[in-house]
Amino acid sequence: MTELWEGLVTAVKLIISLDPEVMEIAGRSLAISATSSTIAALICLPLGAVIHSNKFPGKRTLINIVQTLFSLPTVAVGLFVFVLFSRAGPIGGLDIMFTPVAMVIGQVILISPIMLGLTISALSGVDKAIADTAISLGASGLQTAVITLREARFAVLAGLIMGFGRAISEVGLSLMVGGNIAGFTRTITTAISLETSKGDLELALALGIILIVIALVINLVLNRVQQR
Amino acid sequence: MKRKIIVAILAGLVIASLLAGFVGCGQQRLKVATTTSLYDTGLWDYLEPIFEEEYGVELDILYAGTGIALEYGMRGDVDVIAVHSKAREEQFVAEGYGVERVPFAYNYFLIVGPEGDPAGIKDMSPEDAFRTLYEAASSSFISRGDDSGTHGKEKAIWASAGYDYEAVRTAGQWYVEAGRGMGPTLLMASEMQGYTLTDIGTFLSYKSELELVPLVEEGAILLNVYSVIAISPEKHPGTNIEMANNLIAFLTSPQIQELIGNYGVEQYGMPLFTPCAGAEPQS
Amino acid sequence: MTMALIETVNIGQKYAGQYILKDVNLNINRGEVFALIGPTGAGKTTLLRLLDLLEVPASGSVYFDGMDVTDNKSLRLQARRRMSFVLQKPVVFNMSVYNNVACGLRWRREKEATIRQRVSRALELADMAEYINRNARTLSGGETQRVAIARALAVAPEVLFLDEPTANLDPISTSKIEEVLAHIIGDQKTTVVMATHNMSQGQRLADRIGVIMNGEILQTGSPGDIFSTPQKKEVAEFVGVDNILSGVIVNRDNELVTIDIGGNLIQAISDYPIGEEVHALIRPEDITLAPRKDASSARNTFEGRIARIFPVGALVRVEVACGFPLLAVVTKRSAEDLSLAVNKRVYATFKATAVHIIKRWN
């Protein structure tokens with residue numbers, strides 16, 4: 001108990017004093033997850049709109065598959081990205097193994113199903129008459145998609161935030177394809193995993209607190225958004 | 001209007017953090033997969049800035065057991081590996097993955113256990129100690145279980161003691177596979193008050209956090225040689241062979257050899273490694 | 001001859017394999033107010049959606065201003081930008097009234113100054129100017145309807161489609177909307193196509209009416225034509241011709257024919273030959289009731305007993321059994337004067353010219 005308490009005190013001190021190592025790791029975590037979330041959003045918003053507004057055979061099945069992939073195991077994605085981008089793999093020549101780029105690619109794969117699925121379900125929550133109204137007022141296909149997304153904006157945003165939350169909190173993938181290299185690919189979660197195994201609880205706790213605060217902020221924003 | 005300002009600030013923050021996150025992506029980098037026992041002693045943390053300063057390169061150190069380090073090497077995902085498992089290293093070089101095996105330091109493995117030594121193995125030969133643990137089957141033995149160099153050494157001792165390793169693995173609950181690095185395995189053995197095989201370097205650097213003492217320290221089989229191997233550019237042309245050779249030259253240079261030989265004296269009262277500058281040490 | 005602004009050639013539509021509209025040939029002329037009337041589920045909305053190019057027909061072709069716009073995407077968008085549509089249950093976007101009305105103009109890439117001017121004009125027309133900054137989602141049903149109308153007007157459409165513009169509104173909102181519509185129709189050179197199940201609304205607002213039932217257009221014509229000379233029994237029933245009698249022409253003298261209605265003989269004006277099976281349509285308001293046989297010039301007088309009496313607003317509908325059922329309408333006042341009562345003996349009289357004869361289809 002005293003160990004935990006002392007650890008907590010030191011952890012809080014590390015945070016308050018803006019310890020460079022803690023800040024650097026937290027900043028990198030945010031940067032990598034924000035990048036993957038932005039890229040995934042840029043893919044999933046248009047794709048979701050296209051899937052939502054078109055009829056095609058197998059649409060129901062496709063949506064079911066996407067929803068199943070919500071709980072894609074991070075290590076499975078990690079393995080996939082590793083095998084793909086390892087120099088001995090099919091596209092190894094890109095030389096991105098153990099770099100933030102590999103982590104971003106993995107996170108995009110990991111969170112895209114969530115963002116896509118939630119975007120589609122947010123769009124299907126919009127009254128069909130909205131699209132009809134837009135079309136009847138002379139909106140093109142793109143303009144119709146934009147106004148429909150706009151009508152679903154709170155639900156869509158909730159989906160994006162969920163995706164970001166998953167990206168920043170996952171560890172298996174970052175460890176496998178990032179390699180937890182100090183000053184380069186070490187994120188909050190991989191650092192916690194390493195520091196805990198090394199017995200350096202203070203740093204792990206400080207990072208853990210930051211991660212919880214981030215999760216808390218995400219949840220608060222999500223709640224605010226969903227109440228709208 | 002207010003909303004637009006907030007959006008602009010958020011966008012700015014994201015862009016700034018992206019830039020911050022990816023600074024260094026374009027720099028020259030050297031990727032080293034290192035055995036956990038070297039990493040956990042803090043030797044790499046000590047040498048990294050010196051090397052980076054001297055060669056103007058970012059040294060990326062991947063924390064991996066010997067098995068994984070060799071795997072990364074075979075796949076060409078790293079430029080150089082630092083490991084400790086002679087037979088497998090020689091095979092690695094023979095198969096053409098590595099250029100040359102360059103030993104640069106050594107120390108010894110220890111069998112450590114709780115101070116009370118319930119199995120009574122103190123000062124036995126390593127083989128006898130293992131036999132005793134096996135027969136008693138009462139005290140836990142924590143194996144790395146991760147295909148690392150230390151794990152390989154453990155298997156070698158079992159074989160030398162006359163056991164089939166598969167039989168040992170499945171002998172009973174007393175035999176525990178940690179599947180983790182050296183440091184974590186030591187912490188686990190301490191928690192469980194069991195025995196384990198460790199390199200002396202990691203043991204000393206973790207000693208303050210452990211309730212374990214060295215019990216077996218003598219025996220030819222306990223020799224632990226660390227070597228570096230550059231990944232063959234013939235197998236993987238994309239690797240940074242030039243900088244890998246620089247690292248090998250650096251580690252075997254008289255100046256760095258001296259630093260390695262003195263590493264730990266200040267903190268633990270004794271050196272963790274004996275430098276051996278490219279020559280195979282004889283036990 | 002002027003070319004129709006919108007023309008459909010044999011268009012049909014089916015949902016889930018079921019035809020709900022078949023072989024519709026319809027011309028909408030530039031500048032006219034056209035009302036589609038028909039019962040609920042007749043296919044009015046579907047036809048409007050096909051005309052406004054919201055849906056692609058399952059068969060047939062649609063022409064807009066001479067262009068074939070059946071399935072060419074970019075032509076359809078071009079044509080659609082010259083029209084607008086007020087849905088039966090209009091929805092507003094979750095934004096201010098101003099932005100709602102501005103949407104259509106923004107999609108057409110109009111200049112901000114033009115948009116501001118057009119939006120305020122449209123809102124004034126719809127009598128919604130004071131709501132300009134309100135969030136549109138907070139409006140009542142009637143207000144929402146008016147925003148939807150303003151939104152459709154703001155784009156200055158050549159054709160305005162209105163689907164049951166007053167179906168879900170209370171009487172006050174209804175009269176307000178009708179006022180707005182009458183104003184638009186009178187003021188602008190817009191072609192208006194509206195669907196309604198309210199005949200009197202169609203009659204009041206339209207230049208031309210199309211009666212649609214079970215996915216088919218049964219008759220088009222001026223409101224006068226539709227109401228006085230329905231060409232089919234279903235149309236007659238729908239437009240309120242309550243007396244529809246089946247019979248056979250048994251005699252003719254020039255234009256004057258005699259029809260045998262189950263043993264009773266009715267005289268009427270018609271071109272049909274002897275032996276033709278026909279329906280005789282008589283509007284209830286064309287029938288007069290009297291306590292005794294009078295010596296008028298009317299050809300048809302039948303004696304009967306009053307079977308039922310039921311008041312409808314200021315009028316009283318009287319069902320007379322005179323060998324066949326005959327429905328008449330009198331004012332409350334004359335019902336009292338005649339002291340009409342169930343079982344009372346009366347004479348029902350109507351002129352030969354009040355009988356409209358149509359050929360029987362089956």
Side-chain angles (χ1 to χ4, degrees), chain A residues 3 21 23-39 41 81-89 91-104 164 168 175-187 190-191 193-201 221, chain B residues 10-11 13-25 27 29 31-33 36 39-40 42 44-45 48 52 58-64 68 71-79 97 178 180-188 190 202 205-206 208-210 231 235-240:
Chain A
E3 184 189 21
E21 193 183 358
M23 291 304 125
E24 185 221 277
I25 292 173
R28 184 176 305 109
S29 254
L30 282 169
I32 288 175
S33 300
T35 310
S36 32
S37 300
T38 310
I39 295 171
V81 174
F82 184 85
V83 169
L84 210 57
F85 290 99
S86 167
R87 194 166 270 133
I91 35 181
L94 294 178
D95 202 14
I96 58 168
M97 207 53 215
F98 304 127
T99 66
V101 178
M103 297 166 77
V104 166
F164 175 77
I168 200 162
L175 212 48
M176 286 172 86
V177 304
N180 190 30
I181 297 166
F184 191 46
T185 58
R186 183 164 297 174
T187 60
T190 63
S193 143
L194 176 76
E195 298 304 325
T196 309
S197 71
K198 276 175 35 182
D200 182 1
L201 288 180
V221 174
Chain B
L10 281 177
L13 274 177
V14 169
I15 292 166
S17 62
L18 296 189
L19 291 176
F22 294 107
V23 162
C25 256
Q27 241 170 323
R29 313 197 76 91
K31 288 193 159 49
V32 188
T36 64
Y39 193 93
D40 286 340
W44 279 114
D45 281 342
E48 183 182 347
E52 287 181 345
E58 285 290 325
L59 193 57
D60 289 341
I61 295 158
L62 286 140
Y63 179 84
I68 296 172
E71 174 74 24
Y72 286 167
M74 282 184 195
R75 304 189 63 95
D77 292 325
V78 293
D79 306 305
Y97 293 109
R180 313 182 70 174
M182 195 66 253
T185 302
L186 280 167
L187 289 168
M188 204 169 146
S190 175
T202 314
S205 65
Y206 273 75
S208 62
E209 294 176 53
L210 303 175
I231 305 307
K235 278 271 180 196
H236 294 291
T239 55
N240 192 346

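Any value given below was found using the heavy atoms of this structure, including those in side chains, with hydrogens, waters and symmetry copies removed. Chain letters run A, B, ... following the sequence lines, proteins first and then strands; every chain starts at 1.
- In this structure, the portion of Ile61(B) lying under 4.5 Å from any heavy atom of chain A is its backbone and not its side chain.
- Of all heavy-atom pairs between Gly76(B) and Arg87(A), the closest is O-NH1, 2.6 Å.
- Residues Met176(A) and Tyr72(B) share a closest heavy-atom pair of O-OH, 4.4 Å.
- Between Arg75(B) and Gly89(A), the closest heavy-atom pair is NH2-N, 4.2 Å.
- Taking a 6.0 Å sphere around CD of Glu24(A), one finds it holds more than 12 heavy atoms contributed by other residues, nucleotides or ligands.
- No side-chain heavy atom of Asp77(B) sits under 4.5 Å from any side-chain heavy atom of Phe85(A).
- Arg29(B) has its side chain out of reach of Phe98(A): every pair of non-hydrogen atoms, C-beta onward, lies at least 4.5 Å apart.
- Annotation: maximal heavy-atom pairing with chain B below 4.5 Å, among Gly178(A), Ser29(A), Ser86(A), occurs at Ser86(A).
- Contacts of Thr36(B) with chain A are absent, with no heavy-atom separation under 4.5 Å from either backbone or side chain.
- Listed for the Asp60(B) side chain is no donor-acceptor partner under 3.5 Å among the backbone atoms of Ile181(A).
- Looking at Leu194(A), the atoms closer than 4.5 Å to chain B (heavy atoms on both sides) all sit in the side chain, from C-beta outward.
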